[in-house]
Amino acid sequence: MENPEVAMVFEEIADLLEILGENPFRVRAYRNAARTVRELPEPVEEIVRNPNRKLEDLPGIGKDLAEKIRIIVQTGDHPMRQELREKVPPGLRELLDVPGLGPKRAWALYEKLGVKSIEDLKKAAQEHRIQRLRGFGAKTERAILEALEHLEQVQRRVYLAEAKVFAESVVRHLREVPELHQIEVAGSYRRRKETVGDLDVLVTCDRSAPVMDRLAQYPALADVLARGDTKMSIRLKNGMQLDLRVVPDESYGAALQYFTGSQAHNIQIRRMAQEKGLKVNEYGVFRGDKRIAGKTEEEVYAAVGLPWIPPELREARGEIEWALQGRLPKLVELHDIRGDLHMHTTATDGRASIEEMILACKEMGYQYMAITDHSKRVTVAGGLDAKALRAHWAEIDRIAGRIPGITVLKGVEMDILEDGSMDLPDDVVAEADWVVASVHYGQNQPREQITRRILNAIKNPYVHCIGHPTGRLIGKRKPYEVDLDAVLKAAADYGCFLEVNAQPSRLDLDDVALLAARERGVLIAIGTDAHSIDELRFMEFGVYQARRGALEAKHIINTRPLKELLKLLRQRRSSRA
DNA sequence: GCCGTTTTCGGCCCGACTGTTTTCAGTCG
């Protein structure tokens, strides 16, 4: 039983309890439990099995939820879910996905009109049956119909890289307003989550009207959803929602802290403030009516007794404890990166030549780089066999030889074949400076099989690093069924590195896995997997993901100077020789 | 349902906006 499966049981229970009008705090307890389990850096099963561990030690898990976790792990489900399902029609849950519909209205629609699905909802709205209900009206009915039209778009989260395009363009657009003082895009974008659902734009200025008028002129705007004195919401043409908040300058830090979230992090901060007799809201930190902080984020954190916490860590995963103990990590930064260790050229499926890639990496200021074209199994990419690969390496040496100022490592992305063997003989890869091993075929193999394959690669002394270790494509393809815990354990034991693949659609290992890797002392390589010169720029997204995993420069091998890196690579091989 | 350097009961983050309301509930983040 995987952690996300356990979490999904609790998420469903929370939704169903909420629809039934249960105590909101009880609902929240289930939501918290779902989140705790989902983000656990190890299988919850492990804790259940280990007699020396207690589920009750996990935050937000008490006696009752611990017992429920045990039952779910052992039976794959919990009777409570089944009981709730009998009370709530199966389609009712999906109504919660409609913006503007929450548990109360969903239940009212079911009770009064028998609405049990999105289909029913649409029909009821079209037949104008909704506006006759108490608490609803003509406007609400129209809003529901409107929301249904955009439902698929609304549910879609975009890659961080795509969000960045709009975040930067809307900031440029709004900066034209002379009255505007400060502007920042907060929310999950500022926390650098791998996907972003909407953009939270925070602005300080004396009057909000000119900024809001200007936003109404934003070229990518589709329509205005709401507009008040301090808050305005619009929908963009790509389906994303954008929320603008306007606060006075003296509240900028408090508002930035608040709108950056995460919600769970903010709840912890506010609870700490309460214990000190303080109140935190988006306008400042207050003792009674007196504002004691709010101009900067540093002030806000200081008021509750904490150092400033980097946004990437604000997920209520222990960062507040770290801050209290003075153990906040000094997160890796983009300028710490000295080289890119994963890229392709026209020798296989890349679109730029060896020379173009070298010049581009030099332009980025790198001290070194590795060219890692595919091995022969990846036929669609024109993967190289032993002979072609040796010729390719000779070509790399020849071209690199006349470009001073950057060291080019001769590498390969070698396939881990379906049967667990490697796509190239040992004597060939022994000649490479840098070997990434990746799974591209047989991704749907059962857990034991695909785990064994990757463990084989980790144990192979010529393999330095496992590329995109779970193979997921965000929102498109699930990760392999691989036992990630076993992979981390083996990587630590054998001194094999694991990749953060910086492609915006991969970003794999993800943040949760990276926290676990950090715990186990596994070193990470960030590679862009660039198939063109432009994609070398993806390095920043890999760095963001590493930061979300609380990684420091020392955890990442391509922050090391060349000499140290080469020493690490030698160690990896000699340790197995 | 969880949690406790005042507590084992009574709290649980906080405010904006909308629509349907004559004073507030629902939703959202």
Side-chain angles (χ1 to χ4, degrees), chain A residues 10 13-14 17-19 21-36 55-69 80 95-109 130-144 146-147 154 186-191 196-202 208 212 224-234 241-247 251 254-255 257-286 300 304 316:
Chain A
F10 285 144
I13 288 175
L17 286 174
E18 197 171 30
I19 291 171
E22 258 288 349
N23 175 357
F25 298 105
R26 188 175 175 221
V27 172
R28 192 157 88 190
Y30 281 97
R31 293 242 153 85
N32 287 340
R35 210 184 70 96
T36 298
L55 288 165
E56 285 88 340
D57 291 338
L58 298 173
I61 305 295
K63 227 176 137 206
D64 182 274
L65 285 169
E67 184 54 26
K68 288 200 168 86
I69 291 174
M80 182 178 178
L95 296 189
L96 302 181
D97 294 334
V98 180
L101 279 193
K104 293 285 193 299
R105 285 175 169 170
W107 185 250
L109 287 166
I130 292 177
Q131 57 174 290
R132 293 201 295 271
L133 291 182
R134 181 174 184 78
F136 294 78
K139 272 197 154 171
T140 304
E141 189 176 81
R142 254 201 317 281
I144 288 172
E146 172 84 358
V154 164
S188 53
Y189 175 76
R190 184 161 178 250
R191 300 201 310 281
V196 175
D198 50 29
L199 292 174
D200 297 294
V201 183
L202 175 67
S208 64
M212 290 187 177
V224 176
L225 302 172
R227 178 171 171 170
D229 289 337
T230 68
K231 183 179 168 184
M232 175 169 171
S233 293
I234 64 169
Q241 186 171 323
L242 184 151
D243 297 323
L244 174 75
R245 289 295 300 253
V246 184
V247 299
S251 297
Q257 195 283 326
Y258 173 56
F259 293 114
T260 298
S262 65
Q263 198 179 19
H265 173 89
N266 285 356
I267 287 173
Q268 289 194 359
I269 295 291
R270 289 172 179 211
R271 199 173 289 148
M272 286 180 68
Q274 276 186 330
E275 284 164 13
K276 293 181 189 295
L278 303 173
K279 187 176 75 169
V280 178
N281 60 28
E282 56 263 58
Y283 298 108
V285 181
F286 296 86
V300 173
V304 295

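Just the heavy atoms: all of them, side chains too, but no hydrogens, waters or symmetry mates, feed the values below. Order of the sequence lines sets the chain letters (A, B, ...), proteins ahead of strands, with each chain counted from 1.
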Touch class at under 4.0 angstrom, heavy-atom based, for A/Asn32 against every strand present: nothing

Syn or anti conformation of B/dT22, syn meaning chi within 90° of 0: anti

Nearest to side-chain heavy atoms of A/Ala226, which nucleotide of B/dG26, B/dG1, B/dT18: B/dT18

Residue whose closest nucleotide on DNA chain B lies nearer the 5' end, A/Leu225 versus A/Gln241: A/Leu225

Length of the CZ-P vector between A/Arg227 and B/dC17, whole Å: 11 Å

Pairing of A/Lys63 and A/Glu56 as salt bridge, 4.0 angstrom limit: no

A/Gln268-A/Asn266 side chain donor-acceptor pair, cut-off 3.5 Å: no

Per A/Arg105 side chain, nearest of listed nucleotides B/dC13, B/dT27, B/dC17: B/dT27

Side-chain touch A/Leu202/A/Tyr258, heavy atoms, less than 4.5 angstrom: no

Shortest side-chain distance from A/Ala29, nucleotide among B/dC14, B/dC13, B/dG1: B/dG1

Sugar-phosphate only, base, or nothing, as touched by A/Gln268 at under 4.0 Å among non-hydrogen atoms: nothing

Nearest to side-chain heavy atoms of A/Leu65, which nucleotide of B/dT20, B/dG1, B/dC14: B/dG1

A/Glu18/A/Arg31 salt bridge by N-O under 4.0 Å criterion: yes

Side chain A/Asn23 and base B/dG1 donor-acceptor under 3.5 Å: yes

